[in-house]
Amino acid sequence: MAKKIVVASGKGGVGKTTVTVNLGVALSSLGLRVALVDLDFGLNNLDVVMGVENRVVFDLLDVFEGRCRLKQALVQSNDRKNLFILPSGKIDFSKHITGQNVKLLIEKMNSVFDYVIIDAPAGIDLGFHRAVSCADEALVVVTPNLTSLRDADKVVSILQSYRLDKVSLVINRARGDLIVNKKMISPTDIELLLKTNLIAILPEEDAVFLSSGTLSKKCDSYRAYRTFALNLKNGTKKLFDTTCKYSGFFGSIRRSIKKSV
Amino acid sequence: MKNKSREIMRVQNVIDSDRLNVGKGFTDLFVEDFSKLVQDYFEIEKQPILNIAKDKNGYKVEISFYTNRVKPFNSIVD
């Protein structure tokens with residue numbers, strides 16, 4: 001039975017698609033079978049972030065309208081045999097796609113995958129509700145700023161009414177140097193403000209911006225996503241420490257260099 | 001440090017005011033449902049009054065109503 005997890009945020013541009021892809025990669029590197037489903041109709045980018053946009057032949061809409069089977073629409077990752085994506089329509093036909101249809105389609109993946117990760121659209125419109133109705137759990141991606149936190153709080157309260165098994169927070173783009181300098185709201189404060197369980201802290205790093213699908217093993221983000229995947233798999237709460245690099249004597253030098261840049 | 005706590009306070013204030021922003025529909029529906037429940041136990045003439053306010057430990061919800069009489073009945077426990 002696959003675990004179906006929706007990645008939501010409320011505010012756009014916080015990194016939902018990037019989190020979906022990198023989490024999928026991290027889970028698949030643990031040997032799990034993972035499918036990433038793009039439910040952001042019209043503004044679909046999952047295929048691009050995965051680097052498989054040239055291999056997309058069919059999409060969700062083709063499956064719904066009977067032009068192909070689900071298996072034919074799934075696109076395998078370039079370098080992982082156990083990671084697939086299900087791209088969404090290039091044109092927004094979302095009004096014709098009901099939540100019930102999407103739910104039935106995702107149910108079909110139950111026996112084939114261990115995890116089905118759903119990339120929800122930004123906002124709290126029909127598309128968001130359609131994505132959430134298919135899931136057992138939800139991850140709310142936030143960045144440490146007022147607008148994102150405000151929207152996330154509204155999303156969390158809507159998610160509570162869906163009676164999901166779990167709703168967890170993912171803090172994206174955390175800057176260790178700013179947290180140590182007390183110029184950015186710390187993850188602990190965010191967890192307290194939103195009164196929601198924190199499952200991952202992901203650092204802001206150039207490597208994420210430059211990567212297309214796979215992160216280098218040397219970068220902090222790789223370790224942060226691996227910790228995140230292990231938390232999901234084992235139900236643990238081990239958080240990546242973004243501040244350790246910026247604490248102590250050498251940390252203060254790193255901080256001042258970053259400040260001057 | 002001051003900047004950070006000011007920022008946290010700002011976020012907290014915005015979130016709190018959003019959470020307190022309860023629509024008229026919500027209030028009306030709650031009062032209606034609550035009245036139905038209350039009328040099994042009390043005789044009331046006016047609708048109960050609902051008041052939600054921010055408190056140290058979250059939100060304080062006060063429901064007040066006047067009754068003319070308590071409806072007496074015996075339960076299995078009695």
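Quick note on labels: first sequence line is chain A, next is B, and so on, each numbered from 1. Hydrogens, waters and symmetry mates are skipped; everything else that's a heavy atom, side chains included, is used.
Residues B/Ile15 and A/Arg150 share a closest heavy-atom pair of CG1-CA, 4.4 Å.
Atom NZ of B/Lys54 sits in a crowded spot, with more than 12 heavy atoms from other residues, nucleotides or ligands closer than 6.0 Å. Heavy atoms from other residues, nucleotides or ligands lying under 6.0 Å from OH of B/Tyr59 number more than 12. Other residues, nucleotides and ligands contribute at most 12 non-hydrogen atoms within 6.0 Å of the NZ atom of B/Lys60. For B/Tyr66, the OH atom sits in a loose shell: 12 or fewer heavy atoms of surrounding residues, nucleotides or ligands are nearer than 6.0 Å. Other residues, nucleotides and ligands contribute over 12 non-hydrogen atoms within 6.0 Å of the CD atom of A/Gln160.
Taken to the nearest 0.5 Å, the CD1 atom of B/Ile8 stands 6.0 Å off from the OG atom of A/Ser186. For the atom pair B/Glu7 CD and A/Lys183 NZ, the distance stands at 13.0 Å (nearest 0.5 Å).
Using a 4.5 Å cut-off between heavy atoms, A/Ile190 makes no contact with chain B at all.
In summary, of the residues considered (A/Leu149, A/Leu193, A/Asp189, A/Leu192), a side chain to side chain contact (heavy atoms under 4.5 Å, CB included) with B/Gln12 occurs for A/Leu193 alone.
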